[in-house]
Amino acid sequence: MQTFSLKNIPFQLDRTVSCGQAFRWRQNEGFWYAPIADRVWKIRQEGDILWYEGPTEDELVRYFGLDVPLDRILNDIDTDPLIHAAIEQCRGLRIIRQDPWECLVSYICATCANIPGIMLRIENLSMKYGRNLELDGQVFHTFPDAEILCKEDICAVRACKVGYRDAYICKAAEMAANDPHWAEEIQKLPYHQAKEKLMTLPGVGPKVADCVLLFAFEKYEAFPVDVWIERILRTKYLGGTRKLSYKEAGEFARNHFGQYAGYAQEYLFGIREEISSKGE
DNA sequence: TTCCAGGAATCTT
DNA sequence: AAGATTCATGGA
């Protein structure tokens with residue numbers, strides 16, 4: 001087991017892995033476990049110490065974005081009382097740098113589903129098509145490569161209970177398998193062009209594209225607007241009754257929160273239940 | 001049972 | 001350019 005010192009590095013592991021941005025982390029006896037790429041990662045936080053095994057230190061820092069100047073970003077987006085409260089409550093929540101392929105399929109599976117439902121679908125796909133890994137007597141499954149999924153029949157994929165998303169997943173697999181450099185190309189593009197390119201895939205609309213850009217491509221202008229975020233913007237920021245269009249919501253947010261609007265989105269998402277249950 | 005969920009595609013106005 | 005409908009599934 002290795003250690004990493006978080007001195008002067010704000011980080012909350014629990015919040016970061018359980019806030020709904022990544023779908024494969026599970027807690028067991030004080031540790032968080034997840035299959036990341038080809039290995040199982042095991043990690044826990046005690047104050048400003050991380051205990052971990054699985055990744056190298058560089059991989060750990062990169063995945064959790066520990067090299068990102070979080071305090072500076074939070075200071076930058078801290079433009080009103082509500083986001084201020086979210087920052088107070090969630091400080092240390094970081095945006096994870098996920099694998100682009102797994103992230104893409106995950107958010108294709110995320111449409112019209114709650115977080116437990118998304119996790120189930122990802123797990124089903126991985127159990128059926130991934131490879132087995134084991135740690136501490138627990139079995140994990142790698143996320144299936146595009147090269148594997150693109151050879152699958154739509155019906156076989158559908159058996160993973162992905163519903164109408166079956167064809168979308170197969171199409172995405174075909175794209176990724178035929179164009180191994182797709183992710184590098186997206187990475188190079190500025191936000192709006194990267195988004196347009198992702199949206200050429202069936203099953204990838206503005207919301208899914210924004211999630212993938214934010215959680216896998218470090219495009220922090222991306223501001224995913226789901227039903228929760230739309231409700232918060234409408235009732236707490238714009239005081240309106242009319243439902244906001246996706247474009248309106250995103251433009252307002254980027255204008256209001258600035259270049260790190262994506263972080264603001266994740267912090268507001270982090271307190272979505274509290275906001276919604278305390279009445280309009 | 002009913003309603004809802006990190007929506008998108010397709011059809012109607 | 002906006003609305004309404006449909007899609008499939010599981011959680012609450």
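Source: prediction; values computed, not measured.
- No continuous path of ILVMFWY side-chain contacts below 4.5 Å connects A:Leu13 to A:Ile87, so the two sit in separate hydrophobic clusters.
- Between the P atom of B:dG7 and the CD1 atom of A:Ile118 lies a distance of 7 Å, rounded to the nearest Å.
- Among the nucleotides C:dG11, B:dG7, B:dA9, the one closest to the side chain of A:Thr111 is B:dG7.
- Along DNA chain B, the nucleotide nearest A:Tyr168 and the nucleotide nearest A:Asp226 are compared for position; the residue whose nucleotide lies closer to the 5' end is A:Asp226.
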### Task
Start with the C-alpha gap between A:Arg24 and A:Glu123, add the side-chain angles, then the distance that decides, and say whether salt bridge (charged side-chain N to carboxylate O under 4.0 Å, His left out) holds.
CA-CA 8 Å; A:Arg24 312 217 55 202; A:Glu123 197 55 36; 3.5 Å; yes
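- OP1 or OP2 of C:dA8 sits under 4.0 Å from a side-chain N or O of A:Arg158.
- Taking hydrophobic clusters as Ile, Leu, Val, Met, Phe, Trp and Tyr residues chained together by side-chain heavy-atom distances below 4.5 Å, A:Val208 shares a cluster with A:Val105.
- Proximity note for A:Arg231 (side chain, C-beta onward) versus B:dA5, C:dT9, B:dA9: the nearest is B:dA5.
- For a distance-only test at 3.5 Å, the side chain of A:Tyr164 qualifies as a donor-acceptor partner of the base of B:dG7.
- A side chain to side chain contact (heavy atoms under 4.5 Å, CB included) with A:Tyr220 holds for exactly one of A:Leu213, A:Leu214, A:Ile77; it is A:Leu214.
- Across all strands shown, A:Ile115 has heavy atoms under 4.0 Å from sugar-phosphate atoms exclusively, and none from any base.
- The main-chain N or O of A:Ala194 is never found under 3.5 Å from a side-chain atom of A:Glu185 such that the two would form a donor-acceptor pair.
- No donor-acceptor pair closer than 3.5 Å links the side chain of A:Gln45 to the backbone N or O of A:Asp14.
- At whole-Å resolution of the value, OH in A:Tyr246 and P in B:dA9 are 13 Å apart.
- Protein atom CG of A:Leu125 is 13 Å distant from nucleotide atom P of C:dG10, rounded to whole Å.
- To the nearest 0.5 angstrom, A:Lys42 atom NZ is 5.0 Å from A:Glu53 atom CD.
- Partner of A:Glu230 under the salt bridge (Lys or Arg N to Asp or Glu O under 4.0 Å) criterion, chosen from A:Lys207, A:Lys243, A:Lys236: A:Lys243.
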Here DNA chain B, pairs taken as Watson-Crick or G-U under 3.5 Å and shown with ( ), [ ] when crossing and | when to another strand, reads .||||.|||||||
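- For an aromatic pair to be called close, the ring centres must be under 6.0 Å apart, and A:Tyr107 with A:Phe23 satisfies this.
- Nearest-nucleotide positions on DNA chain C place A:Cys112 closer to the 5' end than the other of A:Gly117 and A:Cys112.
- In this structure, the CG atom of A:Asn124 is 13 Å from the C1' atom of C:dA8, given to the nearest Å.
- Counting any heavy atom pair closer than 4.0 Å across all strands shown, A:Ala113 reaches a base atom.
- Proximity of a side-chain donor or acceptor of A:Arg165 to a complementary backbone N or O of A:Val162 within less than 3.5 Å is detected.
- If you check every strand for non-hydrogen atoms under 4.0 Å, A:Glu230 touches nothing.
- One atom, CD of A:Glu273, and another, P of B:dA5, lie 12 Å apart when rounded to the nearest Å.
- At a threshold of 4.0 angstrom between heavy atoms, the contacts of A:Phe269 include nucleobase atoms, whether or not backbone atoms are also involved.
- The nearest whole Å value for the distance from the CG atom in A:Asp166 to the P atom in C:dC7 is 13 Å.
- Of the residues in residues 247-261 of chain A, none lies under 4.0 Å from DNA chain C by heavy-atom distance.
- A donor-acceptor pair is defined here as one N or O able to donate and one able to accept, closer than 3.5 Å; no such pair exists between the side chain of A:Arg44 and the backbone of A:Trp51.
- With both ends at atom P, the span from C:dA8 to B:dC11 equals 16 Å, rounded to whole Å.
- Of the options A:Phe64, A:Tyr33, A:Phe4, A:Phe31, a side chain to side chain contact (heavy atoms under 4.5 Å, CB included) to A:Ile43 is made by A:Phe64 and by none of the others.
- As rounded to whole Å, 13 Å separates atom P of C:dA8 from atom CD1 of A:Ile154.
- Rounded to an integer number of Å, the gap from A:Arg165 CZ to C:dG10 C1' is 10 Å.
- Minimum heavy-atom separation, A:Arg15 to A:Leu93: O-CD1, 3.7 Å.
- Scanning residues 195-218 of chain A for heavy-atom distances under 4.0 Å to DNA chain B yields A:Leu201, A:Pro202, A:Gly203, A:Val204, A:Gly205, A:Pro206, A:Lys207, A:Val208, A:Phe215.
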